[in-house]
Amino acid sequence: MPAPGENLRINSARLWDSLDQMAQIGPGIAGGNNRQTLTDADSAGRHLFARWCKDAGMTMGVDTMGNMFASRAGTDPAALPVYMGSHLDTQPTGGRYDGVLGVLGALEVVRSLNDLGIQTKHPIVVTNWTNEEGARFAPAMLASGVFAGLHTEDYAKSRRDLDGKLFGEELARIGWVGDEKVGARKMHAMFELHIEQGPILEAEGKTIGVVTHGQGLWWLEITLTGKDAHTGSTPMNMRVNAGLGMARITERVHQIAMSHQPNAVGAVGQVKVYPNSRNVIPGKVVFTVDIRSPELPKLEAMKAEVIRAAHAVAGELGLGVEIEDVGHFDPVTFDAGLVSVVRQAAETLGYSHQDIVSGAGHDACWINRVAPTVMIMCPCVGGLSHNEAEEISSEWAAAGTDVMLHAVLDVAEVVG
Ligand code: HGY
Ligand code: MN
Ligand code: MN
């Protein structure tokens, strides 16, 4: 005999259909998405999400960083709301599910509560955080970082994209500057459902990841300055080649991460070469180093070694070097009580599960600073993400959302 509520499930077909409809906005060129933050496509996705929330009987609030909060009333308006959310913005060659599953899964939880006629004591809020990816405007998790007090709003709105456009001007241009003060909202709890973006759950045959921790991260932007010169007529011993310096430092970043195994990663993802002409030795290169570890001592050691390596390579090649911190958060420990609630929900529903550390950064990593927070993960095919071929099954999407439904009901307190 199933326990009370054990068979409560969301509407998997409706969730999958909503994911498919959202994926039509800001399509990529290979089946994924290019719905970068503060673009017209981002705005269109926001409007679709807002319409769905209205149709589900929710009221929408927007803060001055464009964070969206759709509220479902509880029986006790004085009770702090239970939040669920993630992000609708994508990488330039992103998948359909990174972030989007967490926002539309949360919407599906509310839609299902409406269908089931379930009331909760605590209000429930579905959130879309602005600029989680940090692809267009660094750093990642920018708006949730302002909400949690890690960045000032002025800093965030002064960030520029590769074309020199300002975050604040682009947010105003798409018409999503709200009137709420960022960070004024207080939360009873915050849940973020997200695809794993790694291979562990699929490889282990587990349907649910109970996220106990998130690894820490540094983003270092390195500028190397050499001298533009002719690639044909300049003798090798007279070159001041910034491109060569970037290549050597990229290799050193890989070696440093490998020297701190297990639980250490490092790569260079964004490179801007100047003048980027086929027959000009690069006189300037600007590139971002991304290093991460769940262990704080390792993270700090890797950062120090990367900085030392950058100065050593610049010295060898006679290059100027500047290093700027453009993103950082320490390893995160999520709320132990909520971790237990998520684990129990997976047990009640009969889904296979395991504890896991998040390899990627998420808005939940910042919100964890200001409210009890936890994440729920589902597998993704081959662990692939930040790639248009990102894929999940509808069963995995539904399972993760079912777990969030049960966990939220546990914390929001069913009435009647
Ligand atoms: O960079 C990250 O880990 C996240 O995808 N923004
Ligand atoms: Mn994400
Ligand atoms: Mn992402």
Side-chain angles (χ1 to χ4, degrees), residues 19 22-23 26 28 32-38 42 45 67 84-106 127-146 148 150-151 156 159 190-198 209 211 213-221 257 263-270 288-294 299 325-332 356-368 373 375-380 383-392 397 400:
L19 288 166
M22 182 60 75
N33 275 108
N34 178 9
R35 193 172 54 246
Q36 294 184 65
T37 196
L38 308 191
D42 180 17
N67 295 315
M84 298 176 278
S86 192
H87 60 94
L88 293 174
D89 68 308
T90 76
Q91 287 284 332
T93 54
R96 297 173 155 220
Y97 309 103
D98 171 1
V100 184
L101 176 62
V103 178
L104 300 189
T127 303
N128 169 36
W129 297 106
T130 302
N131 189 37
E132 187 280 339
E133 289 293 358
R136 185 182 176 197
F137 297 99
M141 295 95 81
L142 184 59
S144 54
V146 175
L150 282 305
H151 308 303
R159 307 303 291 159
M190 157 77 176
F191 293 87
E192 181 166 5
L193 168 64
H194 207 288
I195 63 172
E196 179 196 342
Q197 299 183 293
V211 188
H213 299 80
Q215 65 176 352
L217 161 154
W218 275 103
W219 280 1
L220 306 175
E221 185 171 271
N263 301 328
V265 292
V268 168
Q270 185 183 72
T288 301
V289 175
D290 179 323
I291 48 177
R292 310 193 191 198
S293 174
L299 184 64
D325 295 346
V326 294
H328 170 239
F329 55 85
D330 284 345
V332 168
I356 193 168
V357 174
S358 174
H362 301 284
D363 295 307
C365 297
W366 280 148
I367 303 307
N368 188 57
T373 301
M375 293 190 71
I376 303 160
M377 282 187 174
C378 76
C380 52
L384 187 65
S385 184
H386 285 193
N387 182 308
E388 290 204 47
E390 177 185 281
E391 194 55 67
I392 64 173

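Note that ligands are numbered from 1 as they come in the structure, with each ligand's atoms numbered from 1 the same way. Position 1 is the first residue of the sequence; numbering continues from there.
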Would you say Pro139 and His151 make side-chain contact, with heavy atoms under 4.5 Å?
->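 In contact.
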Do Asp290 and Val268 have side chains that get closer than 4.5 Å, going by heavy atoms?
->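 Result no, sub-4.5 Å side-chain heavy-atom pair not found.
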Apply the test side chain to side chain donor-acceptor pair (under 3.5 Å) to residues Ser293 and Gln215: give CA-CA distance (whole Å), side-chain angles for both, the deciding distance (0.1 Å), then the verdict.
-> CA-CA 5 Å; Ser293 174; Gln215 65 176 352; 5.3 Å; no
Short N or O distance, Gly361 and ligand 1, threshold 3.5 Å exclusive |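 The answer is yes, given that Gly361 and ligand 1 share an N or O pair closer than 3.5 Å.
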Can an N or O of Glu132 be found at a distance shorter than 3.5 Å from an N or O of ligand 1?
->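 The answer is yes, given that Glu132 and ligand 1 share an N or O pair closer than 3.5 Å.
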Donor-acceptor pair, [X] side chain versus [Y] backbone, under 3.5 Å?
{"X": "Arg136", "Y": "Leu38", "value": "yes"}
{"X": "Glu390", "Y": "Tyr97", "value": "yes"}
{"X": "Asn33", "Y": "Gly28", "value": "no"}

For atom 5 (O) of ligand 1, which candidate among His362, Gln197, Gln91, His386 holds the nearest heavy atom?
->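 Looking at heavy atoms only, the winner is His386.
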Which option, His194, Glu133, Arg292, owns the non-hydrogen atom nearest atom 2 (C) of ligand 1?
->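 The residue whose heavy atom sits nearest atom 2 (C) of ligand 1 is Arg292.
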Starting from the Mn ion (ligand 3), count all protein N, O or S atoms within a radius below 2.8 Å.
->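 Considering protein N, O and S only, the Mn ion (ligand 3) has 4 within range.
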Run through Gln91, Gln36, Arg35 and flag the one making a side chain to side chain donor-acceptor pair (under 3.5 Å) with Glu133.
->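 Option passing the side chain to side chain donor-acceptor pair (under 3.5 Å) with Glu133: Gln91.
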Is Ala140 touching ligand 1 with its side chain, its backbone, both, or neither, if touching means heavy atoms under 4.0 Å apart?
->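 Looking at Ala140 and ligand 1, just side chain atoms fall under 4.0 Å.
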If you take all heavy atoms of Trp219 and Ala138, which pair is closest and at what distance?
->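 So the minimum-distance heavy-atom pair works out to CZ3-CB, 4.2 Å.
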Give the atoms of ligand 1, by number and element, whose distance to some non-hydrogen atom of Ala360 is under 4.0 Å.
->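 Heavy-atom distances to Ala360 below 4.0 Å select 3 (O).
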Shortest-distance N/O/S atom, His194 versus the Mn ion (ligand 2) =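 Within His194, restricted to N, O or S, the Mn ion (ligand 2) is closest to atom NE2.
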Verdict with supporting geometry, Asp363 and Ser144, side chain to side chain donor-acceptor pair (under 3.5 Å) | CA-CA 6 Å; Asp363 295 307; Ser144 54; 2.7 Å; yes
